[in-house]
Amino acid sequence: MSRVIGIDLGTTNSCVAVVDGGKPVVIPNTGGYKTSPSMFAISQDGKRLVGHLAKRQAITNARHTVHASKRLIGRRFDSPELQKATELFPYEIVEGQSGESRILLADKAFSCSEISGIILREMKRVAEEYLGEPVSEAVVTVPAYFNDTQRQCTKDAGKIAGLEVLRIINEPTAAALAYGVGSKVEEKIAVYDLGGGTFDISILELADGVVEVLATAGNTFLGGEDFDRRIVEHVLEIFHKQEGIDLRDDLMALQRLKDAAEKAKCDLSSMETAEINLPFIANDANGARHLNLELTRETLDDLVGDIVNTTMKSVAQCVEDAGLTPADISQVVLVGGQTRTQLVQKAVTDFFGKPPNRGVNPDEVVAIGAAVQGSLLVSEDKDLLLLDVTPLSLGIATFDGAFAPLIDRNTTVPVRKSHVFTTTRDDQNAVKIRVLQGESERADENHLLGEFVLADIPPAPAGEPEIEVSFDIDANGIVNVSARDVATGGEQSIAVNTTGTLSDEEIDQIIAENEDVELPGA
C-alpha cells in the first residue's frame with residue numbers, strides 16, 4: 001500500500017509532508033526548500049512553469065504569471081469580493097461558461113481548479129522523488145471557512161493532479177492535529193491561521209485522543225496579500241508625490257514593488273525599519289528615476305491595523321460560538337507566515353491574555369497535520385479521533401425570499417438533517433428547492449450551492465403532499481441532497497451541481513493538456 005501524503009495547498013506557498021517511520025516529515029523540493037511558491041506561468045516561449053521557476057520570471061512576465069489563485073477558486077466572476085479586488089491581480093480574469101472566474105493566459109482560459117491541480121501535481125512529484133515510489137492518495141487542506149463550492153473545486157484539483165483525495169481537512173484542524181500528536185494533556189486550544197490569502201480561527205478541545213472542533217470562523221478573502229497591497233499603495237503615493245510619476249500602469253514596476261513590499265514586510269517582523277530600494281523603477285524626459293525609502297514598523301502597523309482588527313472580531317465571535325471565554329483557552333497556536341507580524345502577535349496576546357505557543361513552525365504545521373490525518377485513515381491505529389465542524393449554515397430559500405437554515409454553523413460533521421416540504425398550490429406536481437450556504441437571513445445574500453426541481457408529485461390539495469428533503473454534510477464538508485415522497489416512499493437522490501466544478505470529461509482533457517508542464521529546479 002502506497003503512503004498517503006498531506007498537502008497544504010496555500011495561497012502563497014504550498015507544502016507536502018508524509019508520515020515516515022512513524023513520524024511526520026516535511027518533504028523538501030528539488031532545490032532543498034520545504035515550501036514551494038503556489039505559482040504557475042506560461043513563459044514568453046510558451047513553456048508551462050510551476051513553483052520556483054514561475055516565481056523567478058514573474059517580474060518580466062507578470063501578465064502571464066498566476067499567483068494567489070486560491071483566492072479565486074470556487075468564486076463566481078460577478079462576486080463582490082472578486083470585483084473589488086481585480087486590481088490585486090496583474091493577470092486577466094474572465095468569466096467561464098458557468099459564471100465562474102477563470103484566468104486568461106496566452107489566449108487560454110484556465111479554471112482555478114486546473115491551476116491548483118498543477119500545483120498539487122508538483123507537490124505529488126516532490127513526494128514521489130523523496131519516497132522513491134508512486135503516490136496516489138493524499139489529504140489536502142483548505143481554509144476552514146471554505147464553502148461547498150470551494151471544497152468541490154479543490155477535490156477537482158486533486159483529480160487533475162492524479163491524486164485520490166481521501167479527505168479534505170480544514171487548515172486549523174490540521175494544525176491542531178500536528179500540535180496534539182502524542183499529547184496526553186486535556187486542553188482547549190485556539191488556532192489563529194493567517195496565511196497569504198485567507199484567515200481562519202478555530203477553537204478545539206483535545207482530550208483522550210479526541211480532537212474536537214468546537215467552533216470556527218474566518219474570512220476567505222483576507223490575508224498577507226492585503227498587507228502587501230497596503231504597502232504597495234503607500235509607496236506608490238509617496239513616489240507619485242516625489243517624482244510626479246504614477247507607476248500603476250507599469251506592470252513590471254508594480255511586480256518589482258510588490259516583491260520589495262513583501263520582503264520589507266517580512267524584515268519588519270524582526271527589525272524596526274526596512275528599506276525599499278528599487279533603482280531604475282521609471283524613466284521620463286529627465287532620465288531614470290529610482291525609488292528609495294525607509295518603511296518603519298510603526299508605519300506598517302498604521303497601514304494594516306484595521307485588517308488585524310477585522311481578524312480579531314472573528315476571533316471574538318468564534319470564542320463566543322464555542323461557549324467559552326478567552327481565559328478558558330489553554331494554548332494559542334499561530335499558523336501561516338503572516339502571523340510572524342509583530343502587530344498580529346500582540347493582538348492575539350492581548351485578546352487571550354497569554355503569548356502564543358512557539359513550538360510549531362507556522363509554515364509547515366498544516367502539511368504535517370494533513371500527513372498525520374492521512375496516516376490515520378489507512379492505519380490500524382485508531383487512538384486519535386477527529387471531530388470537525390461545518391463552518392457555514394446550510395439551508396433553503398423560502399418562497400418569501402428568506403433563508404431557512406437546516407444545519408447551523410459549527411455543527412459537528414458528518415451530519416444529516418431532514419426537512420419536510422409541501423406544495424403551495426392545488427395539484428402542484430413539482431417543487432423547486434434552492435440550496436444555500438451562509439449566515440444572512442436573506443436568501444439572496446447567501447451562497448447558492450445549487451437548485452433542483454422535484455417533479456412527479458401526485459395531484460393533491462395545497463399543503464397536503466409531504467416531501468422530505470435530507471441534507472448531508474460529509475467529513476470533507478461537502479454537501480449532498482436527497483428527497484423522498486413520504487406518501488409513496490419513493491426516494492430520489494439529487495445532485496446539486498455546484499458552479500465552477502468540472503465534469504469528468506473536462507478533467508480528463510486538462511490532465512492530457514498538462515502532461516508537458518515543466519517542473520521547477522533548485
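Only this structure's heavy atoms are used, side chains among them; waters, hydrogens and symmetry mates stay out. What you see is a predicted model; the values in this text were computed from it and never measured. Sequence positions, counted from 1, serve as the residue numbers for this chain.
Note on K124 versus E137: no salt bridge recorded, every NZ/NE/NH1/NH2 to OD/OE distance being 4.0 Å or above. Checked for salt-bridge contact, E122 and R125 meet the test: a charged N lies under 4.0 Å from a carboxylate O. Between D306 and R230 there is a salt bridge, since a side-chain N of the basic residue sits under 4.0 Å from a carboxylate O of the acidic one. A salt bridge is defined here as a Lys NZ or Arg NE, NH1 or NH2 lying under 4.0 Å from an Asp or Glu carboxylate O, and R71 with D226 meets this definition. Ion pair R256/E262 not flagged as a salt bridge, since none of the NZ, NE, NH1 or NH2 atoms sits closer than 4.0 Å to an Asp/Glu carboxylate oxygen. The existence of a salt bridge linking R229 and E225 is excluded, since no basic side-chain nitrogen approaches an acidic carboxylate oxygen closer than 4.0 Å.
Pairs passing the salt bridge (Lys or Arg N to Asp or Glu O under 4.0 Å) check and including a residue from residues 348-369, sequence neighbours excluded, read R340-D363, K346-D350.
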Carefully, step by step, assess R76 and E100 under the rule salt bridge (charged side-chain N to carboxylate O under 4.0 Å, His left out). CA-CA 4 Å; R76 292 187 59 84; E100 80 281 10; over 6 Å; no

Would you sort out whether R3 and E128 count as a salt bridge (charged side-chain N to carboxylate O under 4.0 Å, His left out), showing the intermediate values? CA-CA 10 Å; R3 279 176 282 190; E128 289 177 335; over 6 Å; no

Would you sort out whether N61 and R56 count as a side-chain hydrogen bond (donor to acceptor under 3.5 Å, both in side chains), showing the intermediate values? CA-CA 10 Å; N61 188 31; R56 286 173 190 148; over 6 Å; no

Show, in sequence, the C-alpha distance, side-chain angles and deciding distance for T149 and H447, and conclude whether the side-chain hydrogen bond (donor to acceptor under 3.5 Å, both in side chains) test is met. CA-CA 9 Å; T149 305; H447 179 72; 2.7 Å; yes

With salt bridge (charged side-chain N to carboxylate O under 4.0 Å, His left out) as the test, would you mind laying out the steps for D267 and K263 before giving the verdict? CA-CA 6 Å; D267 290 343; K263 183 179 183 304; 3.1 Å; yes

Tell me, with the steps shown, if S14 and D8 meet side-chain contact (heavy atoms from CB on, under 4.5 Å). CA-CA 5 Å; S14 293; D8 173 10; over 6 Å; no

Take K108 and E92 through the salt bridge (charged side-chain N to carboxylate O under 4.0 Å, His left out) test and state the conclusion after the steps. CA-CA 11 Å; K108 178 181 181 336; E92 186 176 355; over 6 Å; no

What do the steps show when you test V165 against I168 for side-chain contact (heavy atoms from CB on, under 4.5 Å), and what is the final call? CA-CA 7 Å; V165 180; I168 297 285; 3.8 Å; yes

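R75 and T220 share a side-chain donor-acceptor pair at under 3.5 Å. For N13 and S38, the side-chain atoms include no donor-acceptor pair closer than 3.5 Å. Q57 and T65 are linked by a side-chain donor-acceptor pair at a separation below 3.5 angstrom, with hydrogens and angles left out of the test. A side-chain donor-acceptor contact under 3.5 Å links Q338 and K265. When only modelled atom types and interatomic distance are considered, S136 and E164 share no side-chain donor-acceptor pair under 3.5 Å. Residues Y179 and E187 have side chains that bring a donor and an acceptor to within less than 3.5 angstrom of each other.
Heavy atoms from other residues, nucleotides or ligands lying under 6.0 Å from NZ of K258 number more than 12.
What you find for I7 and A138 is that their closest heavy atoms are CD1-CB, 4.4 Å. Among all heavy-atom pairs drawn from A127 and I5, the shortest one is CB-CG2, 3.8 Å.
Cation-pi contact between R416 and F471: absent, since separation from the ring centre below 6.0 Å together with deviation from the ring axis within 45° is not met.
The side chain to side chain donor-acceptor pair (under 3.5 Å) search around E186 returns none, not counting sequence neighbours. Partners of F146 according to the ring-ring contact (aromatic ring centres under 6.0 Å, His included) rule, which considers only residues two or more places apart in sequence or in another chain, do not exist here. The side chain to side chain donor-acceptor pair (under 3.5 Å) test applied to S269 returns no partner, not counting sequence neighbours. Partners of Q317 according to the side chain to side chain donor-acceptor pair (under 3.5 Å) rule, which considers only residues two or more places apart in sequence or in another chain, are D321. Among residues two or more places apart in sequence or in another chain, the ring-ring contact (aromatic ring centres under 6.0 Å, His included) test is passed with F199 by Y192.
T154 contributes a side-chain N or O that, together with a main-chain N or O of Q150, makes up a donor-acceptor pair within less than 3.5 Å. Not a single donor-acceptor pair under 3.5 Å links the side chain of N170 to the backbone N or O of T173. One N or O on the side chain of T349 and one on the backbone of Q345 form a donor-acceptor pair closer than 3.5 Å. Proximity of a side-chain donor or acceptor of S101 to a complementary backbone N or O of I73 within less than 3.5 Å is not detected. Proximity of a side-chain donor or acceptor of S393 to a complementary backbone N or O of R409 within less than 3.5 Å is detected. Under the 3.5 Å distance criterion, the side-chain polar atoms of D200 are matched with a main-chain donor or acceptor of A144. Remark: the backbone N or O of E114 is paired with a side-chain donor or acceptor of S111 at under 3.5 angstrom. Without hydrogens or angle criteria, R102 side chain to E95 main chain gives no donor-acceptor distance under 3.5 Å. With hydrogens and angles ignored, the 3.5 Å screen pairs no side-chain donor or acceptor of E212 with any backbone N or O of D388.
Taking the six-membered ring where the residue is Trp, F110 and F40 present perpendicular rings, their angle passing 60° and hence far from 30°.
Using a 4.5 Å cut-off on side-chain heavy atoms (C-beta onward), I203 and I329 make contact. Looking only at side-chain heavy atoms (C-beta outward), V139 and L377 come within less than 4.5 Å of each other.
For an aromatic pair to be called close, the ring centres must be under 6.0 Å apart, and Y91 with H64 fails this.
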